[in-house]
Amino acid sequence: MALRFHNTLTQSVEDFSTQDGKTVRMYTCGPTVYHYVHIGNLRTFTFQDLLRRWLNYRGYVLNHVMNITDVEDKIIRGAMQQGKSLREYTSVYEEAFLEDIDRLRLQRPERLVRATEHIPEMLDAIAKLREGGYTYDSEGSVYYRIARFPSYGKLAHLDVSGMKSGARVDVDEYDKDDARDFVLWKSRKEGEPYWDSEFGAGRPGWHIECSVMAMKYLGETLDIHAGGIDLTFPHHENEIAQSEAITHKTFARFWLHAEHLMVEGQKMSKSLGNFYTLRDLVEQGWQPDIIRYLLASAHYRTKLNFTFDGLRSHASSLERLRNFKLRLDGGKFPEGGPATMAGRTSDALAGFEAAMDDDLNTAGALAAIFEFVRDANSAMDAGTFAAADRAPAHNLLAAFDSIFDILRPVEREGGLSDAAIDELVNERIAAKKARNFSRSDEIRHLLLTGGVILEDTREGTRWKRK
RNA sequence: GGCGCGGUAGCCAAGUGGUAAGGCAGAGGUCUGCAAAACCUUUAUUCGGGGGUUCGAUUCCCCCCCGCGCCUCCA
């Protein structure tokens, strides 16, 4: 089956292709760096990571650009409150963002770009829109006139014709011709950061940065544009209106949107007290790899219910996978004979790939892996898992982990060294052989105190860090 | 009001016009010096409710109930 993605533009699942057959020109909306990113943001970024990895797995070369919005109302307010420059204020959260995505093992895009470093390009784009008659000025600001862009609403599938100003116009929006018009360049306000321009002193509107940076680095037509579902309207709709008014070409061929996550069945919000950042969860003792696993395990277009029960559940589930890998790595299997699991292994890989090809069905992909794990464990118990089965099984886990990236435990600092553990384990094996069980148990407890769990299996003693 | 999404076992979560993946949790069992790990059996005659189309619907259509999102800043 071909690789397929759900395209918001057509509201259907379509076969994926790129313009040149090889490189994916992908733009994703990154963070607004005015606070630490929350678990909902990270759900979307995790989706983008899975998307990257799967495209890569399928042989595409990625050219992925992610923006960092570092000028915007909330940022300006925060910076002013703290008496800091924009850059001083945003750099804290930008660095924190990079730390967070690293902890979640999210691959870095090929390029991270800041809005404030593209002001001239934005001004240039606004000038082009003005030349094309898509703008009007009002009280020192420049607005985009959506009435001039007939297909406005095609992404969000909104019929804007009947929605005129007057229905729900904010007090501070009275100066627009139409409630849906959006600002391209905001006139300077006293005390706020600003840039001088041919449109007067001011700062850019939010939407223009993405149009400009996407096209600067990726060309006039993107293969994929992705983001959270709430960005569909107005942000992405406005990006289309801006970009296509300038180029008269399709701005993005595939629009992929990740659903929101809920927390304990409710919308995450600060007022409900269920608003979490990665830092919050790590402080509570949750490992980032568990969180990654939870975020990756549900399909990206369904609402994901983030719960602490869910985290516990995934911690156990992940333990099962890692135990299997330990067994596969360290087990002794019958040599010389033919592989007995060849069919099962290739079936599992095919099932995994088919699920991922089908609009990144990670839940289905996981099912294929777990079914294999059960069968392989069963074969190992029965003694029919052959040494020749090891390499194909390894390849399967490697394929899986090249996408999910959860089998490698989080590295801990301090504690016992591997060599010290091995020494104690060997001493215990000798003690057991001599049926000196008191010494044997003593060593088990000693290691447990040091955070090391011992397991005696039919393939020998193995250990793992807690 | 408009547009859109969803309601599948205790919890999480796939899925298909032909008779319900997977994970976690629970129960029983096997194995075991201990402790684990692992395996086996078991847990939805049923997929929010009611109609309809069909030989057959959880899957298609209609209505209703519930939850949610967007329509204004928002991952």
Side-chain angles (χ1 to χ4, degrees), chain A residues 8 11 28-32 37-48 72-74 153 156-160 162-163 167-170 172-173 179-180 182 206 226-235 237 257-262 265-269 293-294 297-307 309-324 326-327 331 351 355 358 361-382 432 435-438 440-441 444-445 448 453-459 461-464:
Chain A
T8 305
Q11 295 180 303
T28 60
C29 290
T32 300
V37 292
H38 56 67
I39 193 68
N41 296 310
L42 291 170
R43 196 261 167 115
T44 297
F45 296 137
T46 301
F47 147 66
Q48 293 169 3
E72 173 267 357
D73 289 356
K74 289 188 285 285
H157 305 282
L158 290 173
D159 177 10
V160 295
M163 308 175 91
R168 303 179 65 178
V169 183
D170 288 351
D172 62 359
E173 290 178 334
R180 299 313 186 88
F182 56 92
W206 174 39
I229 191 169
D230 53 340
L231 294 185
T232 309
F233 193 90
H235 184 53
E237 193 70 56
H257 290 103
E259 250 294 355
H260 277 2
L261 75 67
M262 316 279 289
Q266 291 182 293
K267 182 179 180 175
M268 179 171 66
S269 73
Y293 182 34
L294 175 59
S297 62
H299 186 89
Y300 76 91
R301 283 191 295 113
T302 66
K303 290 182 184 68
L304 186 158
N305 191 13
F306 184 90
T307 66
D309 270 351
L311 281 173
R312 277 183 281 276
S313 164
H314 280 79
S316 299
S317 177
L318 178 53
E319 195 59 25
R320 176 169 160 80
L321 291 174
R322 287 182 179 165
N323 282 335
F324 176 73
L326 284 174
R327 192 177 190 188
D358 185 16
N361 184 352
T362 49
L366 277 166
I369 298 302
F370 274 101
E371 283 183 69
F372 173 79
V373 166
R374 186 191 58 224
D375 289 352
N377 268 322
S378 189
M380 289 176 188
D381 282 357
K432 271 181 57 171
R435 301 194 67 78
N436 180 355
F437 294 123
S438 64
S440 169
D441 289 348
R444 174 187 290 288
H445 293 139
L448 190 59
I453 294 170
L454 288 185
E455 291 173 358
D456 295 328
T457 73
R458 57 185 296 152
E459 292 102 20
T461 298
R462 72 183 187 210
W463 60 265
K464 62 188 180 191

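Each chain gets a letter, A, B and so on, in the order its sequence line appears, and its residues count up from 1.
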Next item on the list: Let me know, please, whether A:S440 or A:E319 comes out on the 5' side of the other along RNA chain B by nearest nucleotide.
Entry: A:S440
Item checked: Summary of salt bridge (charged side-chain N to carboxylate O under 4.0 Å, His left out) pairs that have at least one residue in residues 310-323 of chain A, sequence neighbours excluded -> A:D289-A:R322, A:D309-A:R312, A:E319-A:K464
Note to self: One character per nucleotide, please: for nucleotides 20-31 of chain B, 5' to 3', B when the base has a protein heavy atom closer than 4.0 Å, S when only the sugar-phosphate does, - otherwise.
What the structure shows: -BSBSS------
What pairs of nitrogen or oxygen atoms, one from the protein and one from nucleotides 41-44 of chain B, lie under 3.5 Å apart?
none

Checklist line | Pairing residues for A:F372 by the ring pair (Phe, Tyr, Trp, His ring centres under 6.0 Å) criterion, not counting sequence neighbours | finding: none
Notebook entry, point to check: For the side chain of A:R43 and the base of B:rA75, is some donor closer than 3.5 Å to an acceptor across the two?
Noted result: no
Short heteroatom pairs, N/O only, protein and nucleotides 68-70 of chain B, under 3.5 Å:
none

Checklist line | Partner residues of A:H38 under the ring pair (Phe, Tyr, Trp, His ring centres under 6.0 Å) criterion, sequence neighbours left out | finding: A:F275
Note to self: Once salt bridge (charged side-chain N to carboxylate O under 4.0 Å, His left out) is applied, do any residues pair with A:D230, and if so which ones, sequence neighbours excluded?
What the structure shows: none
Notebook entry, point to check: For A:F182, what residues pass the ring pair (Phe, Tyr, Trp, His ring centres under 6.0 Å) criterion, not counting sequence neighbours?
Noted result: A:Y144, A:H207
Item checked: Option among A:T302, A:L42, A:T44, A:I39 that satisfies the side chain to side chain contact (heavy atoms under 4.5 Å, CB included) test with A:L261 -> A:I39
Next item on the list: Would you kindly check whether a donor in the side chain of A:D441 faces an acceptor in the base of B:rG33, or vice versa, at under 3.5 angstrom?
Entry: yes
Check: Between A:N361 and B:rG15, is there a side-chain N or O to OP1/OP2 distance below 4.0 Å?
Finding: yes
Next item on the list: Identify, with sequence neighbours excluded, every residue that meets side chain to side chain contact (heavy atoms under 4.5 Å, CB included) alongside A:N436.
Entry: A:A431, A:S438, A:R439
Check: Any side-chain heavy atom of A:L158 within less than 4.5 Å of one from A:E237?
Finding: no
Item checked: A:F45: partners by ring pair (Phe, Tyr, Trp, His ring centres under 6.0 Å), with sequence neighbours left out -> A:F97
Notebook entry, point to check: A:R327: what forms a side chain to side chain donor-acceptor pair (under 3.5 Å) with it, not counting sequence neighbours?
Noted result: A:N377, A:D381, A:E459
Notebook entry, point to check: Expressed in whole Å, how much space separates the P atoms belonging to B:rG23 and B:rG29?
Noted result: 22 Å
Check: Once you round it to whole Å, what is the distance between P of B:rC71 and CZ of A:F182?
Finding: 15 Å
Note to self: Reading 5' to 3' and counting Watson-Crick or G-U wobble pairs with both distances under 3.5 Å, write the dot-bracket notation for RNA chain B, | for bases paired outside the strand.
What the structure shows: (((((((..(((.....[...))).(((((.......))))).....(((((..]....))))))))))))....
Check: What nucleotide among B:rA75, B:rC73, B:rG33 has an atom nearest to a side-chain atom of A:K74?
Finding: B:rC73
Margin query: Using OP1 and OP2 only, check whether a side-chain N or O of A:N377 sits under 4.0 Å from B:rC39.
Written below: yes
Item checked: Most 5' of A:S378 and A:H299 on RNA chain B, judged by nearest nucleotide -> A:H299
